[in-house]
Colleague: 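Sending over a structure as structure tokens; questions will come in a sec.
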Amino acid sequence: METITRIHTMRERIAGWRRKNQSVALVPTMGNLHKGHVKLVARAQELADKVIVSAFVNPLQFGPNEDFDKYPRTFEHDTQALTRVNADAMFHPGAFEIYPMGHERSTLVDLPEISGILCGAYRAGHFTGVATVVTKLLNIVRPEVAVFGEKDYQQLVIVRRLVMDLCLPVEIEGVPTVRDHDGLALSSRNRFLSRGERNTAPKLYLALKAAQKRIQDGDTDYAAIQQNGMKTLEAAGFEPQYFAVRQANDLQPPRDSSRELIILVAAMLGKTRLIDNVQVAVVEKR
Ligand code: AMP
């Protein structure tokens, strides 16, 4: 498993694979790899001959009061993990390689509306930072397929949308969320939870599952379901930001005709921000 830090080296390596007619998958990450990332790599290996995992903590997607400096950077652990799972290369550029003029002066990829709702309402500029770096990574690697986790569901919808809007020649593949034994979605930020918070954290998933069951049982009072989710989380010690039932394809509020829904949540637990979601199919009423 080769670690590559320079764009031109990455492109040379890919050109060599292309000469042998090998296809390429990209798995963008911010490093600090866990079993969720490993699942993305396994899916990428099913879809392409060569798999590149990028590990780049993108300064452009962090707000001024967010955890950019604190975000875990675990290079040794990550290279070992990727060697174990037989990834072909890790792309690990420095900030100057990605933003030679400084990230504050970068050309931006901005998606109106969808970047400002849900997490975007609480993290100004976050999805513009994500969309910009993903576009750059797709242009550097030019993969046939790029693999993302459903854990960051709004991000996945935004990436699919930018690929469509900018006519990028790549397939976007989503992978279901990998969870701990008690249902907590694996996340690099879980390490910031105290022991007590870690015990509380699975209640986020339980609240989503309770809402999912109500909808599966035929309840269509989404406003009440959302309110109940917020209250449950407050009672459990979270500071919920949103608990929202939306259409799965575009994250708009459900219409009567909506069939594929998603319930999304973001909540602070102490100083740690947790997000999660579950999908739900509305059953046709007879
Ligand atoms: P991150 O390094 O946290 O930015 O995540 C990189 C990629 O891994 C994104 O596509 C995430 O959605 C995905 N990912 C993160 N956590 C999980 C998880 N628990 N299960 C599946 N995919 C995940």
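Each ligand, and each atom within it, is numbered from 1 in the order the structure gives.
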Colleague: Is it true that a side-chain atom of Q45 and a backbone atom of N86 form a donor plus acceptor pair closer than 3.5 Å?
Modeller: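 Yes; judged by distance alone, with no hydrogens or angles, the pair exists.
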Colleague: Any non-hydrogen side-chain atom of L156 less than 4.5 Å from a side-chain atom of I172?
Modeller: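 When only atoms from C-beta onward are counted, I172 and L156 do touch, with a gap below 4.5 Å.
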Colleague: Sequence neighbours left out, cut at 3.5 Å: what donor-acceptor pairs do the side chains of residues 222-238 make with other protein atoms?
Modeller:
unit_1: Q226; atom_1: OE1; unit_2: V245; atom_2: N; d: 2.9
unit_1: T232; atom_1: OG1; unit_2: N228; atom_2: O; d: 2.7

Colleague: Using a strict cut-off of under 4.0 Å between a residue heavy atom and any atom of ligand 1, list the qualifying protein residues by chain and number.
Modeller: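 Within 4.0 Å of ligand 1, the protein residues are P28, T29, M30, H34, G36, H37, L40, Y71, F148, G149, K151, D152, Q155, P176, T177, V178, L186.
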Colleague: Taking S194's backbone N and O only, do any of them form a donor-acceptor pair with E197's side chain (distance below 3.5 Å, no angle check)?
Modeller: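 Flag set: sc E197 to bb S194 pair under 3.5 Å.
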Colleague: Between D78 and N32 (side chain of the first, backbone of the second, donor and acceptor by atom type, cut-off under 3.5 Å), is there such a pair?
Modeller: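 Answer holds: yes.
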Colleague: Which class fits the ring pair F68 and F62: parallel under 30°, tilted 30 to 60°, perpendicular over 60°?
Modeller: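 It falls in the perpendicular class, over 60°.
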